[in-house]
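In what follows, a single structure is set out as structure tokens and then discussed.
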Amino acid sequence: MAEPEEPSGPPRAPTGTRDVLWPESARWEWLVALFARRARQSGYGLILTPVLEEARLFRRGVGEGSDVVTKEMYELTDRGGRHLALRPEGTAPVVRAFVQHRPPVPFKAWYVTPAFRYERPQAGRYRQHHQLGAEAIGSDDPDLDVEVIALAAGFYGELGLAQVELSVNSMGCGGDRAAYLGALRAFLYEHASELCDEHRERYGQSPLRVLDCKRAACRAVTENAPRMVDYLDEACAAHFVRVRAGLEALGIAHRLEPRLVRGLDYYTRTTFEFASAALESAQNAVGGGGRYDGLAEAIGGPPAPGIGFGIGMERLLLACDAEGCQPAPAPVPDVFVIDLTGGEVARDLAEELRRAGLSAERAFDGRSLKAQLRLADRSGARAAVVVGPAELASGKVQVKDLRGERDDRQLSRSAVVVELVSDLQAAPGESP
Ligand code: HAM
């Protein structure tokens, strides 16, 4: 492929990626903090793995039958000639780390990670997106499926999202899958002329992808396609019954979606997706996951069944916007230090206040009193400490109540930290 021309002007974030600046990023902190707390409550610890992996991990793990690997993966050769890929998803790296380190099972881990896919960017679809996810490896107990789904469902609920709907399906595991694929292929052969252009040619190689196709032609055909759930062998059928019973028992509403096959090759048995009815249907999946009982072996490890999910943070925030769910406002500083004497008092006092457990802000660059007062007001701080030349000379500071009615007070410089700590911590949110 020809090298694209060097663009003019200062460098910009690459197409399909975006910067998240403060204060927008406060919403990201909110999501991560809530998710981390929920995950920990269920026994999941944080896992960090490299953003770069050997490309063969994803080829073997996610699979050559998936668009994510064949069309969308960012691959590169490093200066040492190693063939690497930027992770397109979070599961294969966690399973790779499991195989490499063999922690005790079940190994339950959560993550927050960027993921890279060379897709056509549009609202809710980016070349770098971010996922919150959880994986539980080393058990095929259907109650673990229920625990994992409950973790995700509880998270959406805690965010206040009422229009997120859960679909479930089972992909079977071994012989039952082969029998089903035979039946599906035969059905698609009968209807080949009605399929969309892409799948009319390709349905033979990857019949499951036709079930996933969002185009109207394929949707109409697959409405009546054979269903995997009707082909499950006894063990897989019993597994799925137990999963659904568990969801019922926990009051987690869900619906069977026989065409839910998901786009990655590693899925076996339970698959699920959370879609927001408040978003455009093309990009309404706010999370999804499932079992991948053969993945550890596919990448050369021991047998280790597992299940997990990934939640797209950008889409989640779009769903929050659509449903009007907002985080609690970002915390504001307790104290703003206004220094008109050269900045040394602000430097020292702000740090003393922080060491004493309060949050403190200050202005830089020797601003005027008026400018510093305006910044103090805009910061939302509850109190300002003002130090002018007269205060400095007499060892005093002035404390101004920025939110309430209390009169200005003169306090000694040496006592102000203790006074403010007792005022502000005694009555959080109220005026000092
Ligand atoms: P996935 O369905 O490919 O699954 O992605 C998970 C979620 O990431 C999607 O439901 C969506 O919210 C978000 N997402 C995916 N691609 C994009 C994109 N281009 N732009 C914005 N958001 C996107 C996985 O990645 C699996 N690893 C999930 C999993 C974990 N399965 C088992 N364990």
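Both ligands and their constituent atoms are indexed starting at 1 by order of listing.
The protein heavy atom nearest to atom 30 (C) of ligand 1 is Thr91 OG1, 2.9 Å. The protein non-hydrogen atom at the shortest distance from atom 5 (O) of ligand 1 is Gln131 NE2, 3.4 Å. Among all protein heavy atoms, the one lying closest to atom 24 (C) of ligand 1 is Leu264 CD1, 3.6 Å. The protein atom (non-hydrogen) at minimum distance from atom 12 (O) of ligand 1 is Ala285 O, 2.8 Å. For atom 19 (N) of ligand 1, the closest non-hydrogen atom on the protein side is Glu119 OE2, 2.5 Å. The single protein non-hydrogen atom nearest to atom 13 (C) of ligand 1 is Gly312 CA, 3.5 Å, given as residue, atom name and distance. Scanning the protein for heavy atoms near atom 32 (C) of ligand 1, the closest one is Gly308 O, 3.2 Å. Closest to atom 20 (N) of ligand 1, if we only count protein heavy atoms, is Tyr126 N, 3.0 Å.
Checking side-chain atoms of Asn169 against main-chain N and O of Leu260 turns up a donor-acceptor pair under 3.5 Å. Between the side chain of Glu147 and the backbone N or O of Ala150 there is no donor-acceptor pair closer than 3.5 Å. Judged purely by atom type and a 3.5 angstrom limit, His239 uses its side chain to pair as donor or acceptor with the backbone of Asp140.
For ligand 1, the atoms sitting less than 4.0 Å from at least one non-hydrogen atom of Gly287 are 10 (O), 12 (O), numbered in the order shown with element in parentheses. Within ligand 1, the atoms closer than 4.0 Å to a non-hydrogen atom of Glu135 are 30 (C), 32 (C), 33 (N), numbered from 1 in the order shown. Taking every non-hydrogen atom of Gly288 and a distance limit under 4.0 Å, the qualifying atoms of ligand 1 come out as 10 (O), 28 (C), 29 (C).
Only the backbone of Phe309 comes within 4.0 Å of ligand 1, judged by heavy-atom distances. Contacts between Arg127 and ligand 1, counted as non-hydrogen atom pairs separated by less than 4.0 Å, are absent for every part of the residue. Neither the backbone nor the side chain of Gln283 has a heavy atom within less than 4.0 Å of ligand 1. Contacts with ligand 1 closer than 4.0 Å are made by backbone heavy atoms (N, CA, C, O) of Val286 only, the side chain lying farther away. The part of Tyr267 lying near ligand 1 is the side chain, judged by heavy-atom distances below 4.0 Å.
Using a 4.5 Å heavy-atom threshold, the side chains of Asp321 and Gln326 count as touching. Between Leu375 and Phe364 the shortest side-chain heavy-atom distance does not fall below 4.5 Å. Using a 4.5 Å heavy-atom cutoff, the side chains of Asp334 and Leu353 are not in contact.
For atom 4 (O) of ligand 1, the choice among Arg117, Glu89, Arg262 with the nearest heavy atom turns out to be Arg262. Taking each of His129, Glu314, Arg291 in turn, the one with a heavy atom nearest to atom 14 (N) of ligand 1 proves to be His129.
Among the atoms of Ala134, none of the N or O lies under 3.5 angstrom from an N or O of ligand 1. Residue-to-ligand polar distances place Tyr266 within reach of ligand 1: an N/O pair is separated by less than 3.5 Å.
The minimum heavy-atom distance between Pro305 and Arg291, with the atom names listed, is CB-NH1, 3.9 Å. Contact detail for Pro114 and Val51: the closest heavy-atom pair is CG-CG2, 4.4 Å.
Relative to the six-membered ring of Phe58, Arg56 misses at least one condition, a distance below 6.0 Å or an angle of at most 45° to the axis. A cation-pi geometry, defined here as NZ or CZ lying under 6.0 Å from the six-membered ring centre and within 45° of its normal, holds between Arg127 and Tyr118.
Residue pairs meeting the disulfide bond (SG atoms under 2.5 Å apart) criterion with at least one partner in residues 134-184, sequence neighbours excluded, are Cys173-Cys236.
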Please list, one pair per line, the donor and acceptor atoms closer than 3.5 Å that link side chains of residues 11-21 to other protein atoms, with sequence neighbours excluded.
from: Thr17; atom 1: OG1; to: Pro14; atom 2: O; distance (Å): 2.6
from: Arg18; atom 1: NH2; to: Glu24; atom 2: OE2; distance (Å): 3.1

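Distances from ligand 1 to the non-hydrogen atoms of Gly263 include no value under 4.0 Å. Heavy atoms of Gly133 come nearer than 4.0 angstrom to ligand 1 in no pair at all.
Annotation: Arg209, atom CZ; neighbour count of heavy atoms from other residues, nucleotides and ligands within 6.0 Å is above 12.
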